[in-house]
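Down below is the structure, laid out as C-alpha cells.
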Amino acid sequence: MAEHDDVTGLTDLEASAELARLAEEITRHNTLYHGEDAPEISDAAFDALVKRNAQLEAAFPHLVRADTPSKKVGAAPKSGFTKQAHRVPMLSLGNAFDDDDAHEFDARIRRFLSLADEEPVAYSVEPKIDGLSINLRYENGRFTQAVTRGDGQEGEDVTANVSTIRDIPEKLAGDAPDVVEVRGEIFINKADFIALNEKQAAAGEKVFANPRNAAAGSLRQKDSSITASRPLKFFAYASGEIAESVAETHSGYLAQLSAWGFVVNPMSALCPTMDDALLQYRRIGEARAELDYDIDGVVYKVDRHDWQARLGQVSRSPRWAIAHKFPAEKATTVLEGIDIQVGRTGALTPVARLKPVTVGGVVVSNATLHNEDYIIEKGIKIGDHVTIQRAGDVIPQVLDVVLDKRPDHAEDFTFPDTCPACGNPARRPEGEAVRRCTGELSCPAQAVERLKHFVSRDAFDIEGLGAKLVEELHRDGLLTAPADIFTLPEKTALLAEREGWGALSADNLADAINQRRQIDLDRVIYGLGIRQIGQATAKLLARHYLNVDNLLNAADAARDFDGDAWDDLTRIDQIGDSVAGDLVRFLTDAANITAIRDLLSHITPIEPEAVEEDSPVSGKTVVFTGTLARMSRAEAKARAESLGAKVAGSVSAKTHLVVVGADAGSKARKAQELGVEILTEDEWLALIGG
Ligand code: IVH
C-alpha cells in the first residue's frame, strides 16, 4: 500500500477516505476467502490491511464506519441474485417540501385535467415509509416472485427471502385476477432494529447504521434462514401488473389489498381536498415520533384511477403522486475549517469541516457552504459556531452563524482564485454564483470526477468499475479520458498484477467493459457530463439527433444564434437558451471533440427507437393553439409526444399540423397563410384514435 505508516499526520478527510477504501477492500477479500474459497492475496497482506484499519480507527474514533470490517466476521453475502425486469416500471416520486409545493401540485393536476374550480380532487394520503420497495407477484392467487426495485426497470429476485416474511401472504384471500402484482415497503421497526443491533454486536457481527440499512441487509442474505430470523415487516401501497382492474380508486384498491390479506398502513386516509390532505400530513407528522417505524414524509396520490391514467408520468415519477417531506433536522457545531472541492464541471465548492455532531441519528462532519457569496452573506468565519441541517439524502448544509458564540480567534475565509487541484486560474463569470477552474480537461479533479460520472449507473454503468477503482486507475495513469476505459481490456496482464487483483478480476472487468461497446446513445450523451444535460435531456437529444455526428454537426451549426440549427435545438421541449448554450459550448470545444471522437473509435452508440413509430403523427411537428375543450394543453402535448410527435410553440413552414381550439388567433391565420394542415380538436382526437 502507498499509505504512509504514520496515521497521526492524516486529516479527517484523508482518514475517512482511507477507511472507506479499507472497508471495501477487506470485505472483498473476506468474501473471496470465506465465501468463494478463492483468496487473491496472502494472509500476511490481508492481516496488514486489517491492522491498518485498526490503527486508523484507534486514531480517529469518530470516523469509525457503521459498516466497519473490524466488527464483521466471515464473508459478506454474495450478491448472487438473478436480475428480473419489471413488467411495469417501478417509479419514484417527486418531492414537496412545504404547503406551497403541495398546493402547486394540486393546481398542476387541476390544470392538466382542465377541472372546473368547484370540482375537488380527492387524495389518498399515506405515510412515506423509509424502507425498501418491493414488487410481489401472484399468479392464480399464489405468491410466485419478489423483486427489489433496483433501478426501476429491473431489480433482483429475492423470492426465497421474501417468502419468510410473515406479513406477506402466500395465498391471496378471496377472488383475485390471474396475475396480480402488489407493491409496498419492507422495513424493520425501530425497537426491533435496536434489539437486532445489540444481538449483532454481542455476537461480534455487523451492526447497522439505521433501520433501513438493517432491512436491506436482512433482505439480501444468501441464506434465507438468516432473513427468516430478522423481524422484517411489510406495508402494501401500490399495484404493478394486474390482469384486470379491481378498483376505480386508490382507496378502493387499498381496501382490496386488506381483503387479500395484506397490511395497509392504518394512517392512510382518503382526503376530499388538498386542504384536508395537509391536515392529515400534520396529523401524521405529530404521530411520527411515536410510530414504531421510520417515516420521512407522506405521499399524496390522486384517488381516481382514471385521472391517474390521464395524468401519466414525467421522466421517472408519476404526475399523480408526490411525496411531502417532513422538515429537516438541525444541530449546532463548530466550523473547524473550509475545504474547497473541485467538481466534475470544475465548480469550486466550499465544504465546511465540522466538529462531528449527530443530526437525526447520523454523524455529520462535513457540510456544504454552497458558494463564495453564501459565506460572505452569512458572515461565516472559521472557528464560528454554526447551525447545520440534514434532510433525507440531501447533503447536509450550513444554515447560519450563532453570533453570540463567536470566539475571539474566529478568522475570515478568503476564497481562492486558483483551482486547488490543478493550479489553473478559477474564474467567476459575471452574474454567476459559481467560480470554476479553467483547466477543463487538464484538471485532474475534473478528469477524475468526469470519469466517475461517465461510468456511473445512469451513464455507462460498467460493472466492477466504480468510483474507487476509477480514482486508483486515474492515479496510476491508466485512465485520463473516457476512451482510455476501452483500452483497459488490452491491458489485462497489467491489471492482473495490481494488488488484490488476479487474472480473474482483470478478465471480469474486461468483459464488463466490452459489454458496453454497444450502448444507447442517450447514455453516451449523458455520460459526457455536459452542464445542465441530465438524463431526461440526453434522451430528448438522442431522439432528436439520432447519432453523435448529427449532434456534433448541429452544435457546430448552432454557433450561429440566428440560424436554423439553433432554432431547431431550442425548439426541443425543455431546451432553452441556457441549456442550449452550454451544450453548444461543450460540443464545439476542440479538446472535447477530440475526446468524443476517440471514444467513438471504441464504441457504437445505439440509435434510439422512435417513441411510437407507426402512430399517424410520429415524427410530425404539431402546434396546439386556442382553448381546447376536451383536455388541457399539457395533456394534449404529453399525449402527442408519447405518440412520437414533436410539439412546437409557434407555426413555421416546418409545422405539419396545427390543432385549433376555440378563439384561436394569429397562429391559425399563419397556418392558413403557410398552407399547413389545420385540424379541429375532434379531428385531432379521431386521428390519434382517442
Ligand atoms: S407510491 C408510483 N407510497 O417512496 C408511486 N411509495 O420516492 C410509487 N414509499 O420507491 C410509490 N412509502 O420505496 C408510495 N406509501 C407509499 C410509500 C412509498 C414509501 C417509497 C417507495 C418508493 C419511494 C418513492
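First listed ligand is number 1; within each ligand, the first listed atom is number 1. The first residue of the sequence shown is numbered 1, and numbering continues consecutively from there.
- In terms of protein heavy-atom proximity, atom 13 (O) of ligand 1 is closest to Glu185 OE1, 2.8 Å.
- Atom 11 (C) of ligand 1 has as its closest protein heavy atom Tyr237 CE1, 4.1 Å.
- The shell of residues lying under 4.0 angstrom from ligand 1, judged by heavy atoms, excludes Ala323.
- Ion pairing of Glu641 with Lys637 is present here, as a side-chain N (NZ or NE/NH1/NH2) and a carboxylate O approach within less than 4.0 Å.
- Each of the atoms 10 (O) of ligand 1 lies under 4.0 Å from some heavy atom of Arg149.
- From the protein, the heavy atom lying nearest to atom 2 (C) of ligand 1 is Pro318 CG, 3.5 Å.
- Those atoms of ligand 1 that come under 4.0 Å of a heavy atom in Ser133, given as number and element, are 10 (O), 13 (O), 21 (C).
- Salt bridge Glu185/Arg212: absent, no basic N to carboxylate O contact under 4.0 Å.
- Using a cut-off of 4.0 Å between Lys/Arg side-chain N and Asp/Glu carboxylate O, Arg282 and Asp99 are scored as salt-bridged.
- For the residues Gln308, Lys301, Arg316, the heavy atom positioned nearest atom 1 (S) of ligand 1 is part of Lys301.
- Between Arg283 and Glu286 there is no salt bridge, since no side-chain N of the basic residue sits under 4.0 Å from a carboxylate O of the acidic one.
- Residues Glu156 and Arg220 are in side-chain contact: their nearest non-hydrogen atoms beyond the backbone lie under 4.5 Å apart.
- When only non-hydrogen protein atoms are considered, atom 8 (C) of ligand 1 lies nearest to Leu91 O, 4.1 Å.
- Of the protein's non-hydrogen atoms, Leu93 CD2, 3.7 Å is the one closest to atom 5 (C) of ligand 1.
- Side chain of Gln145 to main chain of Asp157: no donor-acceptor pair is present (N/O by atom type, distance under 3.5 Å, no hydrogens or angles).
- Note on ring orientation: taking the six-membered ring where Trp is involved, the planes of His324 and Tyr281 are parallel (angle under 30°, cut-offs 30° and 60°).
- Judged by the shortest distance from any of its heavy atoms, Ser268 lies outside the 4.0 Å radius around the atoms of ligand 1.
- Salt-bridge annotation for Glu170 and Arg142: present, with a side-chain N of the basic residue lying under 4.0 Å from a carboxylate O of the acidic one.
- Residue-level proximity to ligand 1 for Glu126 is carried by the side chain, the only part with a heavy atom below 4.0 angstrom.
- Looking at Ala321 against ligand 1, nothing comes within 4.0 Å, counting heavy atoms.
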Please report the C-alpha distance between Arg111 and Glu104 in whole Å, then the side-chain angles of each, then the deciding distance to 0.1 Å, and finally whether the salt bridge (charged side-chain N to carboxylate O under 4.0 Å, His left out) criterion is met. CA-CA 10 Å; Arg111 277 199 302 273; Glu104 174 49 32; 3.2 Å; yes
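- Shown in contact with Pro127 at under 4.0 Å from a heavy atom are these atoms of ligand 1, numbered in order with element: 12 (N), 15 (N).
- Taking only nitrogen or oxygen atoms, main chain and side chain alike, Ile129 reaches within less than 3.5 Å of ligand 1.
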